[in-house]
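Below is one structure; the comments refer to it alone.
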Amino acid sequence: MSALGSGEDAFRPSLFEIVAQEKLRELLQPAVQYLLAIYAQRYPRLLIRVVNNHEEFYSVLMFFIERHYLKEWGASFAENFYGLKRVSSAHLASRPKFSSVGPETTPPLSSKEIQRSLLILVGLPYIKCRLDLFYQRISGGPSASLLGDNEQEEREREQLADSTTPFARILVIRLTRLFRKVYPYINALYYGSNLVYNIGYMFGKTDYYSPWFHLIGLQVKRMSMSDYAATSGQAKAPFSLFKKPWKAFPMVFGKLIEFLKVLLPMSIFFFKFLEWWYSSEFARGGGVQEESKATIPPPKNTKASSTCPDPRGVPLPSTPNTCPVCLSQPIPNPTALPSGYVFCYTCAYHYVEEHNRCPVTWQRTPQGVQDLTKVYADNL
């Protein structure tokens, strides 16, 4: 599946590289949404609107990030993270079949190719997300698909049957019902076409792993060492901060975006470290030696008569697993008192509520019925 070491095309990435960068791009949005939700709890006035409009915020953020990487590296952020780049299909068609793809012969992406790439990278996922949310809202959510109960459809049928419903509302309802029926097929066609292209790309039947790349006329190739050298060796014209201060912000913003390639693996490592730390014994207050020293203290010395039956209480039954009060065997819904004796819950509750004592030892229960403890056991 990989073309490395073969004479076919050393710069053609394998399907595993393609899927890896796609998965990385899909995981970015939930990560950003989670961070915003956490910080919105601390700064609700600043971030609550951002959280409520997360899809728009994420699309705008990714627009600037993807635009920077497309202009500087000729690839999206995820593609550049895995050492991939986008090349025009028209340029590749004019080259020999088995020639290498290098920076000397690969022109940068044109403005139209960048715009088309941004439409596929940012616009298409945003539209797809909005359509999914709208379909989920009008279809009743997961509960409707499992239980078959959709209140939205019932209200629509009632409004259609009502003669006083305005014509505009009837038109909206009919369009909504049409969308509810058609969208699952559109969604299946969307994922099915991607699957067909992935299979064709894996077996070398097509140069495009996605129908959208075929539509915009771009292919994904591996970056060579000369690509990195050419990008890092680009000389930037120096500028004075006092003469041209408006150029400082794009430069700083570009450096921050480039730092994402370093920040992403660092954040993954830090997350894994925190996951290990909070699941280890160190996060619980000490190592193995400290845990071994923290033994359970012995019970306080009490009089022997404190756990023995009291003449003023009910006598103990002669058979085990029997409630001393109602003599039910086995004990239904067993409940223990601080004295250690077990009764059925009904008897223990009423006796403690009336006498505030254990029925057998006649000990006081300081918290009353709050001292009752449920016993979970198959056999007492």
Within a strict 4.5 Å, meaning less than it, do heavy atoms of the [X] and [Y] side chains meet?
| X | Y | value |
| --- | --- | --- |
| L109 | L218 | yes |
| E66 | L118 | yes |
| L124 | L119 | no |
| M223 | N80 | yes |
| S117 | I216 | yes |
| K205 | I199 | no |
| Q29 | Y58 | yes |
| V32 | L35 | no |

Residue pair [X] / [Y], side-chain donor-acceptor N/O under 3.5 Å:
| X | Y | answer |
| --- | --- | --- |
| E156 | T176 | no |
| Y183 | D132 | yes |
| R169 | Q159 | yes |

Those residues that, when tested against E56, pass side chain to side chain donor-acceptor pair (under 3.5 Å) (two or more places apart):
Y126, R130
Can you name the residues that form a side chain to side chain donor-acceptor pair (under 3.5 Å) with E22, not counting sequence neighbours?
R25, Y209
Classify the angle between the aromatic ring planes of Y43 and Y39 as parallel (below 30°), tilted (30 to 60°) or perpendicular (above 60°).
parallel
Once the angle between the rings of H355 and W362 is folded into 0 to 90°, is it parallel (under 30°), tilted (30 to 60°) or perpendicular (over 60°)?
tilted
Using a side-chain heavy atom cutoff under 4.5 Å and only I, L, V, M, F, W and Y, what cluster partners does [X] have?
| X | value |
| --- | --- |
| I173 | L160, I170 |
| Y345 | V314, L316, V325, L337, Y341, F343, Y349, V352, V360, V369, L372 |
| F167 | none |

Are [X] and [Y] grouped together when hydrophobic residues (ILVMFWY) are joined by side-chain heavy atoms under 4.5 angstrom apart?
| X | Y | answer |
| --- | --- | --- |
| L195 | L215 | yes |
| L70 | F64 | yes |
| L175 | L133 | no |
| I331 | L327 | no |

Near [X] [atom1], under 6.0 Å, is it more than 12 heavy atoms from other residues, nucleotides or ligands?
| X | atom1 | result |
| --- | --- | --- |
| K71 | NZ | no |
| K112 | NZ | no |
| R67 | CZ | no |

For [Y], is there any backbone N or O sitting under 3.5 Å from a side-chain donor or acceptor partner on [X]?
| X | Y | answer |
| --- | --- | --- |
| E113 | S110 | yes |
| D162 | E158 | no |
| T206 | Y208 | yes |
| R222 | G83 | no |
| E26 | K23 | no |
| T322 | P320 | yes |

As an exercise, state the distance from [atom1] of [X] to [atom2] of [Y], rounded to the nearest 0.5 Å.
| X | Y | atom1 | atom2 | answer |
| --- | --- | --- | --- | --- |
| R180 | I138 | CZ | CD1 | 5.0 Å |
| T365 | N356 | OG1 | CG | 3.5 Å |
| Q329 | T319 | CD | OG1 | 4.0 Å |
| D207 | L92 | CG | CG | 8.0 Å |

Determine, stepwise, if the pair V220 / I18 fulfils side chain to side chain contact (heavy atoms under 4.5 Å, CB included).
CA-CA 9 Å; V220 177; I18 298 296; 4.0 Å; yes
Are R116 and F213 in a cation-pi contact, defined as NZ or CZ under 6.0 Å from the six-membered ring centre and within 45° of the axis?
no
Candidate pair Q219 and R86, rule side chain to side chain contact (heavy atoms under 4.5 Å, CB included), full reasoning:
CA-CA 6 Å; Q219 298 182 26; R86 300 187 176 199; over 6 Å; no
Listed partners of N194 passing side chain to side chain contact (heavy atoms under 4.5 Å, CB included), at least two apart
Y190, S210, P211, W212
